[in-house]
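Beneath this line is the structure, given in structure tokens, with notes to follow.
Because only heavy atoms are used, hydrogens play no part in the values below, and waters and symmetry mates are left out as well, while side chains stay in.
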Amino acid sequence: MYREKLTVMPSETACTNEIKIRALLNRLQDTASLAVMDNDGSPGDLIRRGYGWVLLRYQLKVERRLPAMDEAIVIETRHTVNDGFHTLRAFRVFARANEAETLILARTSWVLIDLAAGRPVRALQRLPEVFRDVADDPPIDPEFASIPKLNGPALKDAPVLRETDFPVRFHDLDANGHVNNAVYFEWMYEATPLDLMDWQVREADAEFRISLKYGETARVRVKAADHADSPDEKTRAFVYDMTRADGDGHSVARFYAVWAVS
């Protein structure tokens, strides 16, 4: 288990006085990097050794609220690895003034890639020193909920509520030359057919399939989804499908997100 104490800075804060989703996810990932830095497992260390992490799944839950500007928070993270190809990392965010109240939970699934060969490898075999502290951490649930397809049985007849294109900018890229995972969440936010001044994301599940690169354009299509907790119209759910705008139509990423009146 690793903890990092932080303060939400003005540059990270949206006009709602809460941390931006991109800033939040970057803070989570930075904390994960710090957690393994002493074990030669930072992103820079891995690139020099010919490896890189690829994100497969991301589950984000706002249990209470998003942290506010100037708020002192703590990000807690732990990871789990086995002899297979997938590794898991979980996060918990809480206010420094109240450790018992969880603000945000997140859970992720990753695969380690041999950059020269372009294929996944077993992390525990290639980087055993990075995971030597796992025994002290509780296990992480490896199961993620499936995300509906826009053309699947449940949604094929539903109308597309919005279609938005997002060109990949230079500053959207990470050290591997691919779009940073936080950018996809930002696209999901911007494509949501709600007044974001009045609504806040409560839950977001993401599945990543293909990496986008500089010069490409993401096309995000959105459909409404059923959600059991929305009888009074104070909660809405959507499914998002991201593809290359000039590609073959195969999904780059899929999202399912639940929004509530803020």
Side-chain angles (χ1 to χ4, degrees), residues 1-14 17-47 49 51-82 86-112 123-124 127-144 174-175 180-183 185-186 200-206:
M1 190 80 69
Y2 178 87
R3 287 182 172 183
E4 185 71 14
K5 295 180 180 179
L6 306 166
T7 299
V8 179
M9 305 305 294
S11 62
E12 300 176 306
T13 310
N17 202 46
E18 299 166 328
I19 193 169
K20 300 172 186 176
I21 189 67
R22 187 169 181 171
L24 170 65
L25 298 186
N26 283 336
R27 285 284 200 164
L28 296 183
Q29 191 54 45
D30 288 345
T31 300
S33 296
L34 290 170
V36 296
M37 191 167 291
D38 290 341
N39 299 343
D40 298 326
S42 71
D45 290 327
L46 294 186
I47 289 174
R49 296 164 70 178
Y51 300 110
W53 289 110
V54 173
L55 179 63
L56 302 177
R57 295 297 306 266
Y58 208 124
Q59 180 188 67
L60 179 73
K61 290 188 176 182
V62 180
E63 295 285 296
R64 299 290 296 179
R65 57 177 176 81
L66 293 172
M69 184 194 300
D70 299 332
E71 186 171 10
I73 62 173
V74 177
I75 298 177
E76 180 181 87
T77 185
R78 67 188 197 276
H79 60 252
T80 295
V81 64
N82 56 34
H86 294 188
T87 68
L88 302 168
R89 178 167 288 279
F91 303 88
R92 183 172 80 98
V93 181
F94 56 89
R96 218 177 300 175
N98 185 4
E99 180 175 345
E101 183 180 81
T102 298
L103 301 182
I104 296 167
L105 291 173
R107 190 162 52 99
T108 58
S109 175
W110 301 78
V111 65
L112 185 69
L124 197 58
L127 305 171
E129 70 280 5
V130 175
F131 304 105
R132 61 191 177 201
D133 62 336
V134 172
D136 297 330
D137 292 336
I140 300 168
D141 184 2
E143 298 299 323
F144 289 80
D174 59 20
N180 180 273
N181 68 79
V183 176
F185 278 83
E186 193 172 63
Q200 183 186 82
V201 69
R202 295 298 185 189
E203 177 182 337
D205 290 299

From Arg57 atom CZ to Asp205 atom CG, the distance as rounded to the nearest 0.5 Å: 6.0 Å
Smallest separation among heavy atoms of Glu143 and Arg107, with atom names: O-NH1, 2.9 Å
Exceeds 12 heavy-atom contacts within 6.0 angstrom, atom CZ of Arg64: no
Heavy-atom pair with the smallest gap, counting every atom of Ala90 and Ile140: N-CD1, 3.6 Å
Distance (rounded to the nearest 0.5 Å) between Phe144 CZ and Leu88 CG: 6.0 Å
Contact summary for His86 and Ser109, nearest pair of heavy atoms: ND1-OG, 3.9 Å
Contact check, side chains of Trp53 and Leu112, non-hydrogen atoms, under 4.5 Å: yes
Gap separating the CG atom of Leu66 from the CG atom of Asn17, nearest 0.5 angstrom: 11.0 Å
4.5 Å side-chain heavy-atom contact, Ile104 and Pro67: yes
Within-4.5 Å side-chain heavy-atom neighbours: Gln29 and Arg89: no
Arg96 versus Leu6, closest heavy-atom pair with distance: NH2-O, 2.8 Å
Reported CG-to-CG distance for the pair Leu60 and Leu28, which is rounded to 0.5 angstrom: 7.5 Å
Distance in Å, Leu25 CG paired with Phe91 CZ, rounded so as to fall on 0.5 Å steps: 9.0 Å
Note, Asp174 side chain near Val183 side chain (heavy atom, < 4.5 Å): no
Non-hydrogen side-chain atoms of Val36 and Asp45 separated by less than 4.5 Å: no
Side chain Arg92, main chain Thr77, donor-acceptor under 3.5 Å: no
Where Leu124 and Val81 come nearest, the two heavy atoms and their spacing: CD1-CG1, 3.7 Å
Spacing of Ile75 atom CD1 and Leu103 atom CG [to the nearest 0.5 Å]: 10.5 Å
Given Arg22, Arg27, Lys20, the one that forms salt bridge (Lys or Arg N to Asp or Glu O under 4.0 Å) with Glu12: Arg27
For the student: nearest non-hydrogen atoms of Asn181 and Tyr58, plus distance: OD1-CE1, 3.9 Å
Glu76 with Arg3: basic N within carboxylate O range, under 4.0 Å: yes
